[in-house]
Amino acid sequence: MTALAFRHAAGVQSARRVWGLMYRHIALYRRSWPRLLELMYWPVLQMIVWGFVTAYLAGLQNNVASVAAGVLLGGVLLWEVAIRSQMGFAISFLEEIWSRNLGHVFVSPVRPLELVAGLVGMSMLRMFCGVIPAMFLAFALYGFGLWTIGPVLVLFFASLMMMGWAVALGVTALILRHGAGAEPLAWSVLFGLTPFAAVFYPVSVLPDWLQPFAYMIPAAHVFEGMRAALLQGVVAWGHLAAAFALNLVWLAGMGWLFLRQFQGARVRGALLNIGE
Amino acid sequence: MDGTPALRVEALSKRYRPDAPTAVADLSFVMARGATWGLLGGNGAGKTTTIAMLLGLLVPTSGRIVALGHDMATDRFAALARMNFSSPYVALPHRLSVAENLRVYAHLYGVKRAEARIRELAEQLQLTELLDRPAGELSAGQKTRVALAKALVNRPELLLLDEPTASLDPDTGDWVRSWLERYREETGCAILLASHNMGEVERLCDHVLMLKQGRVVDQGSPADLLARYGRDDLEEVFLDIARDRQRVEAAS
């Protein structure tokens with residue numbers, strides 16, 4: 001077998017393992033409608049609440065609030081992209097712990113990076129299942145189409161998903177280090193970043209001393225870009241580039257932390273009783 | 001199948017923390033292809049730690065493991081693709097059907113013609129009627145057969161079994177043991193078995209490692225051990241070792 005053919009065969013095997021990890025979750029969702037419903041529940045609920053808030057504000061100050069409505073709903077929907085991506089990754093990992101199946105996975109030929117790839121795949125599926133219905137409902141109920149932002153929306157989605165995965169890698173690393181005690185972070189950690197991620201207001205609203213920290217969050221650049229697209233009709237390429245650059249730094253840092261904690265768990269024996 | 005042993009373990013030790021007692025100390029052995037070995041010892045003797053290190057789930061403090069010719073420190077994924085493991089203490093996802101569970105592992109182990117392999121295993125292990133049932137709804141005996149099917153899905157050359165018949169009734173336990181004997185004869189698969197069932201070890205194993213406080217305190221074939229301790233069954237030998245009673249030859 002030539003080196004090229006060998007690499008191709010290894011790539012096919014690797015893809016099969018990633019698919020196997022994803023298939024395990026897809027089969028689970030196929031059998032559990034409450035899990036499917038849960039995927040859509042929060043994004044749709046958030047969108048409905050914020051939709052009514054903006055409709056109320058529009059009634060008070062028609063000229064200003066009608067513009068703000070799009071910005072707020074856009075913020076809600078795009079922030080859900082990051083939140084659902086992070087939760088999709090971390091909860092898929094927790095599902096393996098809860099079903100006491102992780103031992104079988106870790107003694108199979110699955111590489112840690114393939115495990116991460118499988119979790120990223122599930123994160124994308126879960127995010128689209130949650131956010132797409134909310135997007136269409138925003139259009140049906142409030143006449144707000146997120147797609148009016150234009151093709152750059154794809155880059156906004158990609159950047160927010162990457163940030164979600166970076167945070168989820170950090171959460172998963174903490175679960176490997178601290179076990180069940182770190183599980184609540186899977187639900188809560190990204191909510192804690194909301195005030196600093198400029199989701200509903202520009203970074204300039206924050207105190208001067210806080211603004212440099214906000215600009216270290218990739219999402220802050222995405223939301224500045226979203227406001228530029230919705231309010232001025234321009235693509236803020238500088239913010240987009242900053243968002244992707246920061247995402248690469250975050251992913252590299254959290255990926256290193258994950259691999260380090262994974263190896264640490266193998267040394268401590270934590271993989272034998274993780275989650276207990 | 002090449003001439004390398006199924007397992008070569010050299011001076012294997014594990015200490016979980018610097019201040020903790022040694023869980024496994026200076027364990028060395030060579031297990032040939034097609035052999036069936038038993039790992040015996042009381043609770044805390046180091047059986048689970050040893051199996052976890054053999055599977056790459058746990059990094060040894062020192063020593064070396066070569067499984068099927070692959071060094072577990074540098075090439076463990078190549079070895080893991082040719083090994084498998086079954087334990088009643090590691091579950092399969094309960095909500096997935098038996099077929100879905102086996103399909104997942106067929107993908108993870110890169111099994112060719114996975115559906116045919118699943119049907120073949122289902123037939124051999126009498127699981128055909130259960131393929132569409134959720135794994136969580138099965139009896140203990142049925143779960144054991146599914147776990148065995150999972151462990152055999154990649155036609156392993158080395159099988160590690162942790163108490164394969166724990167919590168099974170005598171009839172089902174006997175069925176599993178007979179099946180393992182037949183499978184070993186047909187495939188030449190090497191089996192390392194940790195068990196508290198001495199009858200099972202006596203019946204299946206051609207060599208036994210007796211562990212105590214992480215060290216091998218005795219080893220040999222079941223017949224050798226029975227003769228050496230002057231006992232009629234391995235349970236008595238186990239108790240002699242656990243309670244530090246003298247061996248016949250030492251006493252005499």
Side-chain angles (χ1 to χ4, degrees), chain A residues 6 9-36 92 94-115 117-118 121 262-276, chain B residues 14-17 20 23 48-49 51-61 70 75-97 99-112 114 132 134-136 147 150-151 153-154 156 160 162:
Chain A
F6 182 78
V12 169
Q13 285 294 328
S14 184
R16 268 197 81 183
R17 288 190 288 270
V18 172
W19 167 241
L21 291 167
M22 290 179 66
Y23 173 79
R24 172 251 189 277
H25 293 282
I26 292 167
L28 181 70
Y29 284 108
R30 232 171 34 189
R31 289 179 176 275
S32 176
W33 66 262
R35 278 185 165 85
L36 267 178
S92 299
L94 284 172
E95 291 270 13
E96 299 286 12
I97 293 178
W98 295 331
S99 61
R100 294 171 57 231
N101 184 47
L102 212 51
H104 282 310
V105 173
F106 285 143
V107 302
S108 76
V110 171
R111 279 74 166 161
L113 286 180
E114 290 166 352
L115 177 67
F262 181 74
Q263 182 63 12
R266 287 183 64 222
V267 171
R268 292 192 312 276
L271 298 182
L272 300 173
N273 50 14
I274 191 166
E276 289 174 7
Chain B
K14 181 66 187 179
R15 192 186 283 267
Y16 285 97
R17 292 186 312 276
T48 303
T49 298
I51 286 183
M53 287 192 285
L54 296 177
L55 287 164
L57 209 51
L58 189 61
V59 179
T61 306
H70 303 282
D75 195 20
R76 77 175 190 278
F77 297 113
L80 289 173
R82 298 166 60 192
M83 300 162 61
N84 215 315
F85 163 70
S86 177
S87 165
Y89 308 113
V90 184
L92 293 168
H94 281 193
R95 285 184 178 274
L96 267 60
S97 71
E100 287 166 341
N101 266 302
L102 295 178
R103 211 168 283 138
V104 168
Y105 284 95
H107 286 306
L108 298 192
Y109 282 91
V111 175
K112 288 177 184 159
D132 292 326
K150 174 260 157 192
V153 75
N154 61 328
L160 304 185
D162 187 13

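Chain identifiers are assigned alphabetically (A, B, ...) following the order of the sequence lines, protein sequences preceding nucleic acid strands; residue numbering begins at 1 within each chain.
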Nearest 0.5 angstrom please: [X] [atom1] to [Y] [atom2], how far?
X        : Y        : atom1 : atom2 : result
B/Leu55  : A/Leu271 : CG    : CG    : 11.5 Å
A/Ser108 : B/Lys150 : OG    : NZ    : 8.0 Å
A/Arg17  : B/Phe77  : CZ    : CZ    : 8.5 Å
B/Asn101 : A/Tyr23  : CG    : OH    : 9.0 Å
A/Ile26  : B/Glu100 : CD1   : CD    : 11.0 Å
B/Arg103 : A/Arg24  : CZ    : CZ    : 15.0 Å

Practice task
Could you pull out all residues at least two apart from A/Arg16 that satisfy salt bridge (Lys or Arg N to Asp or Glu O under 4.0 Å)?
Solution key: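 Once residues adjacent in sequence are excluded, A/Arg16 has no partner under the salt bridge (Lys or Arg N to Asp or Glu O under 4.0 Å) criterion.
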Problem - A/Arg268: salt bridge (Lys or Arg N to Asp or Glu O under 4.0 Å) partners, not counting sequence neighbours - result: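 Result, salt bridge (Lys or Arg N to Asp or Glu O under 4.0 Å) vs A/Arg268: none returned.
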Problem - Heavy-atom pairs under 4.5 Å with chain B, option from A/Ser14, A/Ala265, A/Gly20 with the top count - result: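 Looking at each of A/Ser14, A/Ala265, A/Gly20 in turn, A/Gly20 comes out on top.
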Problem - Top contributor to chain B contacts, counting heavy-atom pairs under 4.5 Å, from A/Pro109, A/Gly103, A/Ser99 - result: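 Maximum pair count with chain B is reached by A/Pro109.
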Side chain, backbone, both or neither: which part of [X] has a non-hydrogen atom closer than 4.5 Å to chain B?
X        : value
A/Val105 : both
A/Arg30  : side chain
A/Phe262 : side chain

Please state whether the side chain, the backbone, both or neither of [X] comes within less than 4.5 Å of a heavy atom of chain A.
X        : result
B/Ala114 : side chain
B/Arg76  : side chain
B/Thr49  : neither

Practice task
Among the options B/Val111, B/Asn84, B/Asn154, pick out the one with the most heavy-atom pairs lying under 4.5 Å from chain A.
Solution key: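 The answer is B/Val111.
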Problem - Top contributor to chain A contacts, counting heavy-atom pairs under 4.5 Å, from B/Pro134, B/Ala106, B/Ser97 - result: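 Ranked by heavy-atom pairs under 4.5 Å with chain A, first place is B/Ser97.
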Exercise for the section: Taking the side chain as every heavy atom from C-beta outward, state whether B/Pro93 and A/Glu95 have any pair of such atoms under 4.5 Å apart. Expected result: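 Not in contact.
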Exercise for the section: Compare all side-chain heavy atoms of B/Arg95 with those of A/Arg35 and state whether any distance is below 4.5 angstrom. Expected result: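 Yes; the side chains approach each other to less than 4.5 Å.
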Exercise for the section: Taking A/Arg266 for its side chain and B/Gly56 for its backbone only, find out whether a donor-acceptor pair lies under 3.5 Å. Expected result: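 Present.
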Exercise for the section: Describe, in one word, how the ring planes of B/His107 and A/Trp19 are oriented to each other, choosing from parallel (under 30°), tilted (30 to 60°) and perpendicular (over 60°). Expected result: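 Rings of B/His107 and A/Trp19: perpendicular, as their planes differ by over 60°.
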Handout entry: Criterion side-chain contact (heavy atoms from CB on, under 4.5 Å) on B/Met83 and A/Val107, from CA distance to verdict
Key = CA-CA 9 Å; B/Met83 300 162 61; A/Val107 302; over 6 Å; no
Exercise for the section: Could you walk me through whether B/Lys14 and A/Val267 pass side-chain contact (heavy atoms from CB on, under 4.5 Å), step by step? Expected result: CA-CA 9 Å; B/Lys14 181 66 187 179; A/Val267 171; 4.2 Å; yes
